[in-house]
Number of protein chains: 2
Amino acid sequence: MNAKPPTSLDVARLAGVSQATVSYVLNDRPGARVSDETRERVREAAERLGYVPHAGARTLRTGRSGLILISMDDVPYGPLAIGMLEELDRELSRRGYTLVQYGARRLRGVPAARAWAELRPVAVLAGAGKLDEQAVAVLRSAGVKAVVALGAHSSAVTASVVVDHAGIGALAAGHLIDRGCRTIAAVVPAEPGLREMGEHRLSGARRVAEARGVPLTRADLPFSEEGAAALLDVWRRVDGVFAYNDDYAMLLMTVLRDAGVAVPGDVRMVGCDDLPLATLLRPRLTTVRIDVSAMPSLLARRLEELMEQEAPAEPDHIHPWNPVLVVRESS
Amino acid sequence: MNAKPPTSLDVARLAGVSQATVSYVLNDRPGARVSDETRERVREAAERLGYVPHAGARTLRTGRSGLILISMDDVPYGPLAIGMLEELDRELSRRGYTLVQYGARRLRGVPAARAWAELRPVAVLAGAGKLDEQAVAVLRSAGVKAVVALGAHSSAVTASVVVDHAGIGALAAGHLIDRGCRTIAAVVPAEPGLREMGEHRLSGARRVAEARGVPLTRADLPFSEEGAAALLDVWRRVDGVFAYNDDYAMLLMTVLRDAGVAVPGDVRMVGCDDLPLATLLRPRLTTVRIDVSAMPSLLARRLEELMEQEAPAEPDHIHPWNPVLVVRESS
DNA sequence: TTGAAAGCGATACCAG
DNA sequence: CTGGTATCGCTTTCAA
């Protein structure tokens, strides 16, 4: 039990060949000419010993780790994000990389970058908020080829994946106005983790509302019945609400029903995410669905480009999703 | 841009000391007596160069990586699990370990173990279904000190964290019977990822129902209104339902309302998870809340024990949560 | 108080 | 076709 893990030298000895041959065989090096018989012996010896190569040693020698780090705290919860991550993992592992989620102990900026850099990953994906200019510099100098910021707006300092929250708000507001709404409200969650996204969605809604001459009220809403009830005069004053997402929409619909405000009769309602609960509400909830199916392969391709090329690329961004309106009964 | 990352030797040269001194200073080795002046010089040189140690090299030299791997596919979605993971991360990083989520490309058994073993982690947490005896052996022989299976029942081959799904079902069924239910149904989700947990919850409910002489019907339910409506005769035949979780409870409550079945008048309903939506439903949903607050520190402590000791421990298990009934209006 | 040097495991160059 | 061996970056023992 306490024996140290077998090394390639152990395999070599057991097979009666040199370490070099073991390496050639186990990695199928194209240039290497090793007889089929030796190949077999090496394979068998490795099998017998339960040999597993030491990633750290390999990294040290080759200078490339094949590791791609993504910061855990920057992946939103939910089946959508999880599915995307799984797909991304598949794409990347097909290309020979290893995707790993790293907690980084809620660090940000340079300290976070240092923690990531110790692993000498070949790429790092992290929330735009964690990647300031110096953090990116630390990563670059540690040999990270691709640094990609994840966030609601593109980063000035590195490549980024921007998620178009403003577009969601715009789509929702446009729909409400199309339906005849003359004054609308947009919810911004009071929860710290959600507020920023809420503000981006709001800004998109505001842009459309202004363009079409419809007044828009911002409603800062904590997720609680009391919070929603406290804003009752807001909901009574408008005839359309973009509720930030489906959860908030459900909250509002419950509170409005208890208060005798009819949806969509008195106020039309639009959510976002197309959660399962959207079709379970009565009236069924109109919502914005986000189609992220294109994102994993797009991102994987972009990463590969960045990782293969020598000089760091210009800060650019990809925009890998697409909001789609799903009209149901609440609007 | 293309310069290689600075090494400890670079730092040493810049500070005018030896590599050894750099190592002593940067790791504050207790035994090392280095003058404050040299200390300062070394620190400054490291700073100036943006030096970040190379984790792989350190692992190679010391034989310990400090890496703890947890398989991504075995962490359920949802804020609960995410919060737990964050807390666990904090606990472990406080102790000097680095928690990392690894996708493992949906591998299982020996291939998965090999992939994990390459990183020479000091501990691996993975779904019980992925860890057969040989997989555990591979990990052990790669020097992994702690192998912990995550699952609904304890593993015969290694230590495990078992989540007490049966206890949840038992609690829910007991409550329904206390409320006077004479025939109850328990939902088992048809979705592949959920079915197994559903069956464990069912078995707990069944145990209690049998002990108290109440007939229990198993209801295999896909998550859709049609699926739920197809089983209407089941819901009409019973006077209590344990709905597997809050999402399924919401589905059922919607379908029952549409069909004119009153909750809790005709049938009492209990969910699980105490999601935000539970209090938004009308009637408000009675549910089983899972208190996982103790789990991260418990698990971290257990891991630490396993990692420090030499011989692999007997397969035992910890049981780090606690179902609690939250009674509302639906029951 | 500091330095020289061995060695962790794998790779790849250069000989044979 | 195969083998020796230098090397990657870091820690740590032993000497100075």
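Each chain gets a letter, A, B and so on, in the order its sequence line appears, and its residues count up from 1. Bear in mind that the values here come from a model prediction, so they are computed numbers and not experimental data. Because only heavy atoms are used, hydrogens play no part in the values below, and waters and symmetry mates are left out as well, while side chains stay in.
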Take the protein atom CG of L49(B) and the nucleotide atom C1' of dG9(D), then report the distance between them rounded to whole Å.
-> 15 Å
In whole angstrom, give the distance that lies between atom CZ of R41(B) and atom P of dT1(C).
-> 14 Å
State whether E91(A) and R301(A) are salt-bridged, where the test is any N-O pair (Lys NZ or Arg NE/NH1/NH2 against Asp/Glu carboxylate O) under 4.0 Å.
-> no
How long is the line joining CD of Q19(A) and C1' of dG9(C), in whole Å?
-> 7 Å
So which nucleotide from dA5(C), dC14(D), dA10(C) ends up closest to the side chain of Y24(B)?
-> dC14(D)
When we call it a touch if two heavy atoms are under 4.0 Å apart, what does T59(A) touch: a base, just sugar-phosphate, or nothing?
-> nothing
From CG of L119(B) across to P of dA10(C) the rounded distance in Å is 13 Å
So, are D132(B) and R108(B) salt-bridged, with charged N and O less than 4.0 Å apart?
-> no
For the side chain of A57(A), counting heavy atoms from C-beta on, which of dA10(C), dC10(D), dT13(D) is nearest?
-> dA10(C)
Hey, is R43(A) close enough to E40(A) for a salt bridge, meaning N to O under 4.0 Å?
-> no
What is the distance, rounded to the nearest whole Å, between atom CZ of R58(A) and atom P of dT11(C)?
-> 5 Å
Before accepting this row, confirm whether a basic side-chain N of the pair E87(A)/R90(A) lies closer than 4.0 Å to the acidic partner's carboxylate O.
-> yes
Whether over 12 other heavy atoms sit under 6.0 Å from R48(A) CZ = no
Choose from dT11(D), dA12(C), dC10(D) the nucleotide whose nearest atom is closest to any side-chain atom of T7(B).
-> dC10(D)
Could you state the interatomic distance from CZ (R120(A)) to CG (L139(A)), rounded to the nearest 0.5 Å?
-> 10.5 Å
Output the single nucleotide from dA10(C), dC10(D), dT2(C) whose closest atom is nearest the side chain of T21(B).
-> dT2(C)
Is the distance from OP1 or OP2 of dC10(D) to the nearest side-chain N or O of S8(B) less than 4.0 Å?
-> yes
May I have the distance from R13(A) (atom CZ) to dT2(D) (atom P), rounded to whole angstrom?
-> 20 Å
Return the nearest nucleotide to the side chain of P53(A); candidates are dG9(C), dA10(C), dA12(C).
-> dA10(C)
Salt bridge D89(B)-R95(B), side-chain N to carboxylate O under 4.0 Å = no
For DNA chain C, determine which residues of residues 61-69 of chain A have any heavy atom closer than 4.0 angstrom to one of its atoms, and list them numerically.
-> R61(A), T62(A)
Whole-Å distance, R120(B) CZ to dG9(C) P, equals 8 Å
With a non-hydrogen cut-off below 4.0 angstrom, is V22(B) in contact with a base, only sugar-phosphate, or nothing?
-> nothing
With respect to the side chain of A20(B), which nucleotide from dT11(D), dG3(C), dG3(D) is positioned closest?
-> dG3(C)
Take atom NZ of K4(A) and atom P of dA10(C), then tell me their distance rounded to the nearest Å.
-> 12 Å
